[in-house]
A.B. asks: 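My structure is below; once you've seen it, I'll send some questions.
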Amino acid sequence: MKMKITNGKLLENGSYIIGEVLIDQGTIVETGEEVGEADATIDAKGNLILPGLVDVHVHLREPGGEAKETILTGTKSAAKGGFTTVCAMPNTTPVPDSAAVMDDVLERIDKDARVRVLPYASITTRQIGSDLVDMDALSEKGAFAFTDDGVGVQSAGKMYEAMKEASRLNKAIVAHCEDNTLLYKGVSHLGEVSERLNLPGIANIAESVQIARDVLLAEATGCHYHVCHVSTKESVRVIRDAKKAGIKVTAEVTPHHLLLNESDIPEDDGFYKMNPPLRSKEDQQALIQGLLDGTIDFIATDHAPHTEEDKQQGFLSSPFGITGLETAFPLLYTHVVEKGLAPMEQLIDWLTIKPAETFGLPYGTLKTGAPADLTIVDLDKKEAIDRHRFLSKGKNTPFHGWTVKGWPVLTIVNGNIVWEETSYETTRA
């Protein structure tokens with residue numbers, strides 16, 4: 001069945017046009033001011049039509065953490081946030097460190113996912129840093145890339161071996177960078193907030209030292225090395241220098257590290273506890289500049305849901321992490337585009353084509369022949385973030401109550417509507 005979206009804004013060369021998108025059998029077959037006939041029509045009501053958003057860093061918690069999130073609830077949350085492709089981190093129980101566990105994960109995804117889910121495999125068995133997984137077998141099963149996200153690979157030798165294997169398989173090593181010997185049981189940034197709240201702090205060097213090590217290993221192995229959730233000015237400097245040296249390194253930054261810093265933490269509130277922590281104003285500015293100048297390649301949410309009980313224990317006892325899928329676009333549109341930090345076209349690139357291109361994915365675009373993944377956004381819709389209305393099981397966000405504009409109102413994956421506001425209807429010919 002052919003379907004077309006009419007009366008929508010399309011962004012072309014920095015300007016908006018009122019146009020249409022024609023979809024057939026899950027593929028975009030035409031875009032423009034007027035397209036061919038269809039069996040069904042969706043009126044976009046003058047709202048913006050975007051490529052489906054791509055997030056390469058989410059935690060769906062299943063298997064093992066279903067009290068916090070499931071593949072079903074996490075992908076419903078993604079769809080509501082306008083994300084059509086998400087990449088699921090492997091810090092689950094059990095860890096997808098074998099072909100058998102990966103088979104189970106893929107079966108769960110096939111059964112319950114509402115958007116496209118690409119699963120990571122771990123770098124080491126059970127993510128404890130000792131033994132490399134069978135990367136050949138996991139690649140054959142469809143592992144998106146390899147990461148021990150949540151913990152840094154502590155041994156330089158083990159990371160070197162992993163990069164050699166990943167390079168051979170043309171797979172990326174994706175790294176949560178953290179030198180455990182520099183953590184000192186820290187729970188917040190080492191700085192103003194740790195002093196004010198009398199908390200053990202995490203220094204910038206805990207992150208940047210490991211990135212410096214790894215970019216040299218990536219140079220030696222020819223591996224594509226991707227840095228998760230960059231948070232410090234030193235990390236930005238190391239990545240910038242590595243790129244200038246021709247090393248194949250890419251990096252992401254989260255919305256919360258772009259929009260918040262340690263001074264925004266009002267009290268000992270576990271909803272502000274994340275890893276890496278909210279850093280200084282100087283670090284925040286370095287992240288913004290690094291994103292603007294291309295040192296940091298794109299934005300990823302690091303969606304990390306937890307139970308209400310878990311996050312009500314303050315900084316010392318709450319787990320790290322905040323949710324992000326349902327709030328990312330309106331937060332960024334309001335505080336990046338509306339405030340003039342970057343144009344809309346650039347924000348769209350950071351959330352669609354840049355992450356897709358970085359990992360060689362055929363998503364994040366409205367080009368003819370691409371999968372029909374689309375998001376319709378009402379740029380005029382303005383409302384306060386209400387964590388109690390999240391589709392995610394995780395309600396843990398520091399952005400509760402923030403008033404923002406630019407809310408997704410309809411999401412399509414492979415030509416199928418996976419989330420829509422009740423005001424949207426499909427008209428059949």
Side-chain angles (χ1 to χ4, degrees), residues 56-57 89-91 95 120-133 145-167 171-191 200-245 247-254 257 274-280 282-283 286-287 290 295-297 300 302 304 320-321 358:
V56 302
H57 192 151
M89 288 296 177
N91 51 344
V95 172
Y120 284 92
S122 63
I123 295 172
T124 64
T125 303
R126 300 197 307 280
Q127 293 188 292
I128 60 176
S130 297
D131 301 314
L132 289 185
V133 299
F146 293 92
T147 183
D148 274 3
D149 185 59
V151 289
V153 176
Q154 299 305 302
S155 163
K158 194 60 60 180
M159 183 59 99
Y160 177 62
E161 293 168 11
M163 286 187 179
K164 286 196 296 184
E165 285 295 287
S167 180
K171 292 285 185 178
I173 290 291
V174 176
H176 172 115
C177 295
E178 196 168 49
D179 186 321
N180 289 352
T181 66
L182 296 170
L183 291 180
Y184 303 110
K185 299 182 180 179
V187 296
S188 68
H189 175 60
L190 181 64
I202 302 173
N204 284 19
I205 54 172
E207 173 180 295
S208 56
V209 161
Q210 200 163 85
I211 297 174
R213 177 199 75 178
D214 287 352
V215 294
L216 295 175
L217 297 177
E219 182 179 37
T221 58
C223 177
H224 173 198
Y225 171 65
H226 179 75
V227 186
C228 292
H229 44 49
V230 177
S231 73
T232 78
K233 59 184 182 298
E234 295 87 355
S235 300
V236 174
R237 186 174 73 232
V238 169
I239 294 165
R240 184 178 288 123
D241 289 345
K243 286 191 169 187
K244 287 179 181 177
I247 299 171
K248 193 176 182 182
V249 55
T250 56
E252 70 193 41
V253 66
T254 70
H257 287 108
M274 57 204 71
N275 193 7
L278 295 177
R279 301 286 189 182
S280 70
E282 292 77 17
D283 292 308
L287 297 176
T295 300
I296 298 172
D297 296 85
D302 192 11
F320 292 105
T358 296

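The analysis underlying the following values was restricted to heavy atoms, covering all of them including side chains, and did not include hydrogens, waters or symmetry mates. Note that the numbering runs from 1 along the sequence shown for the chain.
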A.B. asks: Could you check D148 against K158 for salt bridge (Lys or Arg N to Asp or Glu O under 4.0 Å), going step by step and ending with a plain yes or no?
C.D. replies: CA-CA 12 Å; D148 274 3; K158 194 60 60 180; over 6 Å; no
A.B. asks: Does any non-hydrogen side-chain atom of I296 lie less than 4.5 Å from one of R240?
C.D. replies: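 No. Closest side-chain heavy atoms not under 4.5 Å.
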A.B. asks: Side chains of E178 and N275, heavy atoms from C-beta outward: is any pair under 4.5 Å?
C.D. replies: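 Side-chain contact under 4.5 Å: yes.
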A.B. asks: Quick one: are R279 and N204 in side-chain contact, heavy atoms under 4.5 Å?
C.D. replies: yes
A.B. asks: Do you know which two heavy atoms are closest between F146 and Y120, and how far apart they sit?
C.D. replies: N-CD2, 4.2 Å
A.B. asks: Can you name the closest pair of heavy atoms from P277 and S231 and give their distance?
C.D. replies: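 Heavy atoms of P277 and S231 come nearest at O-CB, 4.4 Å.
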A.B. asks: Looking only at the side chains, is there a donor atom on one of Q210 and D179 sitting less than 3.5 Å from an acceptor on the other?
C.D. replies: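 No, because no side-chain N or O of Q210 sits under 3.5 Å from a partner of the opposite role on D179.
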A.B. asks: Can you find a pair of side-chain heavy atoms, one from H257 and one from D283, that are under 4.5 Å apart?
C.D. replies: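 Answer no - side chains too far apart.
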A.B. asks: Taking all heavy atoms of T124 and all of G129, pick out the closest pair and write down the distance.
C.D. replies: OG1-N, 2.9 Å
A.B. asks: Rounded to the nearest 0.5 Å, how far does OH of Y225 lie from NZ of K248?
C.D. replies: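 Those atoms lie 15.0 Å apart.
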A.B. asks: State the CD1-CG distance between I205 and L190, to the nearest 0.5 angstrom.
C.D. replies: 9.0 Å
A.B. asks: Taking the side chain as every heavy atom from C-beta outward, state whether I123 and V133 have any atom pair closer than 4.5 Å.
C.D. replies: no
A.B. asks: Ignoring hydrogens and angles, state whether a donor on the side chain of N91 or D149 is under 3.5 Å from an acceptor on the partner side chain.
C.D. replies: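 Side-chain D/A pair, N91 to D149: absent.
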A.B. asks: Please examine the side chains of S122 and T147, heavy atoms only from C-beta on, and report whether any two atoms are closer than 4.5 Å.
C.D. replies: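 Side chain of T147 against side chain of S122, heavy atoms only: no contact under 4.5 Å found.
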A.B. asks: About how many Å separate OG1 of T250 and CG of D297, when rounded to the nearest 0.5 Å?
C.D. replies: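 Rounded to the nearest 0.5 Å, the CG-OG1 separation comes to 5.0 Å.
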A.B. asks: For a 4.5 angstrom cut-off between non-hydrogen side-chain atoms, does I239 reach V230?
C.D. replies: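 Yes - at least one pair of side-chain heavy atoms lies under 4.5 Å apart.
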A.B. asks: To the nearest 0.5 Å, what is the distance between OG1 (T125) and CG (L132)?
C.D. replies: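 If we round to the nearest 0.5 Å, T125:OG1 and L132:CG are 8.0 Å apart.
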A.B. asks: Do you know which of V209, V215, V227, D214 makes side chain to side chain contact (heavy atoms under 4.5 Å, CB included) with V238?
C.D. replies: V215
A.B. asks: So, does Q154 use its side chain to make a donor-acceptor pair with the main chain of N180 at under 3.5 Å?
C.D. replies: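 It does hold such a pair.
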A.B. asks: My understanding is that only residues two or more places apart in sequence, or in another chain, count here; which of them pass side-chain hydrogen bond (donor to acceptor under 3.5 Å, both in side chains) with E252?
C.D. replies: H57, H226
A.B. asks: So how far is it from H176 NE2 to D302 CG, rounded to the nearest 0.5 Å?
C.D. replies: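 Separation between the atoms: 9.0 Å.
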A.B. asks: What I want to check is whether the side chains of E207 and S235 have a donor and an acceptor closer together than 3.5 Å.
C.D. replies: yes
A.B. asks: Do any N or O atoms from the side chain of T221 and from the backbone of L217 form a donor-acceptor pair under 3.5 angstrom?
C.D. replies: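 Present.
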A.B. asks: As an exercise, state the distance from CE of M159 to CZ of R213, rounded to the nearest 0.5 Å.
C.D. replies: 5.5 Å
A.B. asks: Would you name the heavy atoms of V249 and K243 that are closest together and state the gap between them?
C.D. replies: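 Between these two residues, the closest heavy atoms are O-CE, 3.1 Å.
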A.B. asks: Given side chains that start at C-beta, do those of H189 and S280 come closer than 4.5 Å, heavy atoms only?
C.D. replies: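 Yes; the side chains approach each other to less than 4.5 Å.
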A.B. asks: Which atoms form the tightest heavy-atom contact between G290 and V236, and what is the distance?
C.D. replies: CA-CG1, 4.1 Å
A.B. asks: Which heavy atom of A286 sits nearest a heavy atom of K233, and at what distance?
C.D. replies: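 Here A286 and K233 meet closest at CB-CB, 3.6 Å.
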